[in-house]
Every structure is written in C-alpha cells, then in structure tokens.
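None of these values were measured; they are calculated from a predicted model.
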Number of protein chains: 2
Amino acid sequence: MTSDFEAQLRRVPLRVTRPRLAVLAALHEHPHSDTETVIALVRAQHPLVSHQTVYDVLRALTDAGLVRRIQPAGAVARYESRVGDNHHHLVCRTCGAIVDVDCAVGDAPCLTASDDHGFTVDEAEVVYWGSCPACATEHHHSDPPVRRKQ
Amino acid sequence: MTSDFEAQLRRVPLRVTRPRLAVLAALHEHPHSDTETVIALVRAQHPLVSHQTVYDVLRALTDAGLVRRIQPAGAVARYESRVGDNHHHLVCRTCGAIVDVDCAVGDAPCLTASDDHGFTVDEAEVVYWGSCPACATEHHHSDPPVRRKQ
DNA sequence: GGGTAAACTTGAACTATTCCAGATGAGTGG
DNA sequence: CCACTCATCTGGAATAGTTCAAGTTTACCC
C-alpha cells in the first residue's frame with residue numbers, strides 16, 4: 001500500500017517524502033477531501049507537518065497528475081486520487097457531498113461541443129447539481145448551511 | 001433598453017435602483033464579467049456606488065434569476081445575463097476567456113447521469129476546457145499568466 | 001559519506017468576499 | 001402630494017482560503 005504510493009511518486013518522478021506519502025494515503029481513504037481535511041488527516045500521523053507543505057504537496061501531485069483537483073462553484077478546492085479516467089461528479093447543493101459518476105456517454109461525445117468557436121478543447125467537465133438522499137428527505141428542517149465561498 | 005431592465009426588476013419583484021439598472025446594463029454589454037469589472041463598469045456612470053452594493057446587487061439578481069453566476073474552477077465568480085436556457089461554456093485555460101456554447105444534446109440527456117446514486121439532479125453544468133484561438137497560436141511566448149485563485 | 005537541488009518550516013501577506021451598523025431612498029397607503 | 005417603513009446603499013472592518021518569501025532540512029546521485 002505505502003510502497004504503491006512510493007512507486008507512484010518515483011514514476012512521476014517526485015521525491016519520496018513522508019508528507020507526500022501521507023497525503024496520498026489520506027486521499028486514497030477519503031476521496032473528495034478539502035485541504036483542511038487533508039491537513040488534519042496528515043497530522044494524525046505526522047503532527048509537525050505544516051499547512052504550507054500540504055498546499056505544496058497537493059499542487060505538486062496535481063501538476064504531476066497523481067491527484068485531481070475538483071472545485072464546484074462556490075466551494076473550496078477538493079482533491080481525489082482517482083485519475084486517468086474521465087469520470088464526473090454529483091454535488092449536493094445543501095451539504096456539499098460529492099460522489100463519483102462514470103461518464104454517461106463514454107469518452108468522445110463528452111469532448112464534443114456543439115460549436116467550439118475555434119477553441120482547442122482538451123477536457124469536458126460535468127457537474128450534476130442536486131440533493132443527496134439525506135438532504136432531499138429532510139430539506140424542511142433548519143438545515144445547517146454548508147460553508148460556501150461564492 | 002433601460003426600461004426593459006426596469007421591467008425585469010419589477011417582475012421579480014425587486015426595487016428599481018440606479019445600481020441595479022447599471023449592473024444589468026453592464027452585464028448585458030459585457031457578459032462573463034467578474035465582480036471587479038462590473039464595479040468598474042457601474043462606476044463609469046455612477047462613481048459613488050460602493051463595492052459592497054455591487055456584491056449585494058449581484059447576489060440579489062442571481063437569487064432572483066435575472067443573472068447567472070459562473071465560476072470555473074480556480075477563477076473568481078463571473079456573471080452573465082443570459083438565463084433561462086441551459087447553455088454551457090468554453091473556458092480558455094491560458095487567458096480565462098469564456099464563450100457560450102449551446103447544449104450539445106438538447107435538454108434531457110444533459111440531466112441524465114449514468115447512475116445518480118439516489119441524488120435528485122436539477123442541473124447539469126458542463127465546462128469545456130481548452131485554448132482559445134489566440135492563445136493556441138502563441139502558446140510558446142511568455143504568456144502573461146491569468147490571475148487565478150486556486 | 002558529501003554535495004546539491006528539491007522539499008519543508010515559519011510567518012507574513014494577499015485577495016475575493018462577507019459582516020456589520022448606521023444612513024438613504026423606493027414604493028405604498030393615507 | 002406627503003409621510004412611513006423596510007429594502008437598499010454606504011463605509012469600514014473582518015474573515016477565510018491560498019500564496020509568497022527567506023531560511024533550514026533532507027532525499028537522492030555520485
């Protein structure tokens with residue numbers, strides 16, 4: 001498990017450090033975590049890791065393609081370690097929950113705009129907005145509002 | 001033109017004020033503007049309008065459905081007055097330019113996820129990422145990097 | 001083991017946005 | 001047409017997420 005993450009880092013290549021292994025492990029077990037959550041998870045094992053290091057690591061891993069940054073409108077950045085496919089996300093407007101959803105129509109149609117206006121398109125990102133099962137059933141209570149940036 | 005915006009506000013209903021008319025006019029002539037740009041456009045006619053008022057107006061108009069907020073990952077919020085259809089956007093990774101694109105497959109398929117995991121989906125947002133014609137041809141120069149938040 | 005660039009720590013800075021309290025004014029009813 | 005009232009606007013301060021910068025440590029190559 002750990003050696004798997006080590007191999008991922010060496011393949012990129014990036015130096016193998018404790019903070020990077022801890023971030024990869026955290027995202028593997030808690031997909032769609034935001035930075036604050038990743039910091040807490042990393043510090044559970046290595047209390048002395050600085051927040052700046054986690055920001056640096058997340059950027060390095062994202063640039064290297066080992067993790068993917070997702071940022072629904074009005075929310076903080078979240079990260080996931082599932083990369084390489086083109087899957088999309090369901091996002092709950094109420095509680096912010098995110099779940100993966102496979103691309104509905106395979107790869108190709110997802111990249112095809114009706115008129116590309118001369119753009120060179122390399123990715124089509126789809127976000128399905130709605131309510132998760134839990135929030136849909138109790139939307140009349142005093143919902144604790146999600147912290148949103150917007 | 002101005003009376004058209006006035007009618008829009010009364011229909012919602014929202015009070016008709018100079019800041020609101022100015023924001024609607026600004027977005028009508030400069031779609032996909034960010035807040036800073038809207039503030040500048042409004043102040044061209046009404047120099048004394050505060051930035052907080054523009055933020056308030058944009059929120060009120062968004063909540064009322066007269067404008068739509070769009071916020072590509074890692075960028076500041078932008079606004080447009082084209083509402084009511086479900087069109088999508090092409091976004092240039094280099095310069096941040098945004099252009100509208102009609103929904104490729106009509107309405108219904110756009111709302112259909114391959115597996116909704118129990119979510120109640122009310123909107124499918126599609127962002128096509130790539131390079132605009134200008135940036136695609138000169139991507140080797142020292143591109144002035146776009147100010148991005150991420 | 002020693003050298004070196006990459007990575008980490010610490011602490012401050014920055015930016016977009018929001019919060020707050022008080023002043024103003026648009027719409028309504030007299 | 002005038003007064004009332006609540007929505008709206010002003011001005012200023014605060015917040016949160018993220019980034020910048022300088023100096024120290026450490027992973028990797030020889």
Can you find an N or O donor on one side and an acceptor on the other, under 3.5 Å apart, linking the side chain of B/Q52 with the base of C/dC19?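 Answer is yes: a donor-acceptor pair is held.
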
What integer distance in Å separates [X]:[atom1] from [N]:[atom2]?
X     : N      : atom1 : atom2 : answer
B/Y55 : C/dA16 : OH    : P     : 7 Å
A/D63 : C/dA6  : CG    : C1'   : 15 Å
A/L61 : C/dA6  : CG    : P     : 17 Å
B/R15 : D/dC4  : CZ    : C1'   : 11 Å
A/R43 : C/dT10 : CZ    : C1'   : 12 Å
B/H46 : D/dT8  : NE2   : C1'   : 15 Å
A/L48 : C/dT10 : CG    : C1'   : 13 Å
A/R78 : D/dG17 : CZ    : P     : 12 Å

Under 4.0 Å between a side-chain N or O of [X] and OP1 or OP2 of [N]?
X     : N      : result
B/R59 : C/dT17 : no
A/R10 : D/dC28 : yes
A/R20 : C/dA7  : yes

5' priority, DNA chain C, between A/P13 and B/L14 [closest heavy atom]: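 Nearer the 5' end of the strand: A/P13.
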
If you pin A/R18 and A/H51 to their nearest nucleotides in DNA chain C, which one's is more 5'?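 The residue whose closest nucleotide sits nearer the 5' end is A/R18.
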
Hey, does A/T17 reach any base, or is it just sugar-phosphate, or nothing, if we go heavy atoms under 4.0 Å?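 Sugar-phosphate only.
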
Need one value for B/T53: base, sugar-phosphate or nothing, where a base atom within 4.0 Å counts as base even if backbone is also close, heavy atoms only.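 It contacts base atoms.
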
Looking at side-chain heavy atoms only, is the closest gap between [X] and [Y] below 4.5 Å?
X      : Y      : answer
A/E125 : B/W129 : yes
A/H89  : A/V101 : no
B/L24  : B/S81  : no

Please determine whether a side-chain nitrogen of the Lys or Arg among B/D63 and B/R68 lies less than 4.0 Å from a carboxylate oxygen of the Asp or Glu.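 The answer is no: the pair does not qualify as a salt bridge.
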
Does B/E6 come within less than 4.0 Å of B/R11, counting only side-chain N to carboxylate O?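 No, this pair does not count.
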
